There are 2 protein chains.
Amino acid sequence: MTVEEVTTAPRMKAADRRELILDAATAVFGAKSYVGTTTDEVARAAGVSQPYVVRLFGTKAKLYIAVIERAYERVIGEFRQVLPGPPEERVKRMGAAYAGLLSERGMLPVIANSTALDGEPEIGPVARAGFNSIWRFVRDEAGLTEEQTRDFMAGGMLINAIVGLRLVGAYGTEQSVTEVLNACFPDAISRVRDLMPVAGEPW
Amino acid sequence: MTVEEVTTAPRMKAADRRELILDAATAVFGAKSYVGTTTDEVARAAGVSQPYVVRLFGTKAKLYIAVIERAYERVIGEFRQVLPGPPEERVKRMGAAYAGLLSERGMLPVIANSTALDGEPEIGPVARAGFNSIWRFVRDEAGLTEEQTRDFMAGGMLINAIVGLRLVGAYGTEQSVTEVLNACFPDAISRVRDLMPVAGEPW
DNA sequence: GTCTATACTGAGATAGAC
DNA sequence: GTCTATCTCAGTATAGAC
C-alpha cells in the first residue's frame, strides 16, 4: 500500500512555530556558530522550509538576535530563581544553574559565541547588552560584591571557553576541567559531568 | 604630467610577504571574525590581490589557522620572557604581557574568537591545541598552582570577552572593566588604558 | 612574485502558489 | 501558515598572462 508522503509541516500557530524554530536555531547556531550556520540547516532542524524561516524572522541576523536575546533572558531567569535562597549560597547556586543550562542544546555555546560577534554590526550591540544585563543582575540584584561579580563572570567565561572548545579529555586539561567547574561553580560538577560534549563532535 | 599608477605590489620575498599578509589578516580577522572576513579584505589590507592571498596560503581556512597559530605562539613567547623574574611576580607580569598584546592589532580578538570556532572542522583542533598550550605553559613552565592557573585563564577569558565585545564605556561595566583588569592582571591597567577600543568601532 | 579575468558555488532572500 | 521554484550576489578558488 502506498503511503501519503508528508511534504509540508502541519499547520501550527505562528507563535508556537517560532518557539520551535528558536529551539532548533539555538542548537544549530550553538554547534556551528553564527556565520557557519545556514538558514537552511536551521529550517531542516526545525522541520520547515528555508524560506519560511526567513519569512518568520526577516533575516538571518534577526533570527540570531532573537536566539541570543532569548538565551540571555533564560540565564537571568535561572539566576532569578535562586534569589529566594540564602545570600551566601547564591554564587554556588547560580553557578549550578548556569552549568545546568548545558543540557539545553546550544544555549551556552550561543552565549559563548555571541561574545565574539561584534563584527556583525547589528549583533554586537545586542551581545553587549546581554552581557551587561547578566553582569548587572549578578551584582545589583543578586547582590554580589564587585569582586565576587568579576570572579563569577570570569568563571563563566572560562566555562564558555571550555564548552566552546569541547575541551573535555584534551591533554593537559582533563583534570583541570573538573577542577575548573568545581572551583568556579561549586556543586555544578555533578550536574555537568554527563552533559559535557566530546571534542570535535557537534552538540 | 601623467603619473605612472602603481598597479602591482613591489616584488618581495615570499616569506616577507607572508608575514605582511599575516599581520593584515590578524587585524581583519580580529575585527570581523573568521566567517565575517573575506579573503579580499585581507588582500586589500595587505596591499595585494585576493587571488595572491589564496595562492600563498592555499585556502582561507589555512590562512586563518596560520594566523591563530602565530597568535598563540606570540602569547607564549611573551609569557616566556617573564620567566627570568621572581616567581611571585609571574602572574602579575604575564597578565601585563597579555594586556600589552592589545596594542597588536587583532592579536587578542583573534585568540578570543578562536575559542568559539569549533564549527569549522579544520579550525577546532588548532584552537584547542592553542588553548591547551597556553594552559600547560602557565601551569607547567611558569609553575603556577592548579588554582592559580585556573584563575589566570579565567581572567584571560574575561579580558577576551571584554575585548571581543568592545565593552568599555558600556553602562554597568565602566568602572568594572578597570577593576577587572586590575584584579585579573595587576599592573596591566596602565598599559591597557590607551589601547582599549570604543564600542562598535572596528580595531 | 604578482596580477587580471573569470568560473563556480553556496546561501540569503523574493514571488507566488496552495 | 507553509511550500516550491528561483533570482541574485558575494566570495572562494582557478587559469593563465606578465
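The chains referred to below are lettered A, B, ... by the order of the sequence lines, with proteins before strands, and numbering in each begins at 1. Note that the structure is predicted; figures quoted are calculated from it, not measured.
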For [X] and [N], what is the distance between atoms [atom1] and [atom2] respectively, to the nearest whole Å?
{"X": "A:K13", "N": "D:dG1", "atom1": "NZ", "atom2": "C1'", "value": "13 Å"}
{"X": "B:L56", "N": "D:dT12", "atom1": "CG", "atom2": "C1'", "value": "15 Å"}
{"X": "B:K62", "N": "D:dT12", "atom1": "NZ", "atom2": "P", "value": "15 Å"}
{"X": "A:R17", "N": "D:dC3", "atom1": "CZ", "atom2": "C1'", "value": "12 Å"}
{"X": "A:F57", "N": "D:dT2", "atom1": "CZ", "atom2": "C1'", "value": "14 Å"}

Heteroatom pairs (N/O) under 3.5 angstrom, protein to nucleotides 16-18 of chain C:
none

Kindly give the atom pairs (protein nitrogen or oxygen, nucleotide nitrogen or oxygen) under 3.5 Å for nucleotides 6-12 of chain C.
| residue | atom | partner | partner atom | Å |
| --- | --- | --- | --- | --- |
| C:dG12 | OP1 | A:K60 | NZ | 3.3 |
| C:dG12 | OP2 | A:T39 | N | 2.6 |
| C:dG12 | OP2 | A:T39 | OG1 | 2.6 |

Do the charged groups of [X] and [Y] touch, with an N to O distance under 4.0 Å?
{"X": "B:R90", "Y": "B:E141", "answer": "no"}
{"X": "A:D40", "Y": "A:K60", "answer": "no"}
{"X": "A:R74", "Y": "A:E78", "answer": "yes"}

With sequence neighbours left out, write down each residue that passes side-chain hydrogen bond (donor to acceptor under 3.5 Å, both in side chains) with A:T39, or none if nothing qualifies.
A:Q50

Please determine whether a side-chain nitrogen or oxygen atom of A:T8 lies at a distance below 4.0 Å from atom OP1 or OP2 of D:dT2.
no

Under the rule for side-chain contact (heavy atoms from CB on, under 4.5 Å), what residues qualify as partners of B:E41, not counting sequence neighbours?
B:V28, B:K32, B:T37, B:T38, B:R44

For B:F57, the ring-ring contact (aromatic ring centres under 6.0 Å, His included) test, sequence neighbours excluded, returns none

Run the ring-ring contact (aromatic ring centres under 6.0 Å, His included) test against A:Y72 and tell me which residues pass, sequence neighbours left out.
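Applying ring-ring contact (aromatic ring centres under 6.0 Å, His included) to A:Y72 gives none.
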
Using the ring of each side chain (for Trp, its six-membered ring), is A:Y98 parallel, tilted or perpendicular to A:F79, with breaks at 30° and 60°?
tilted

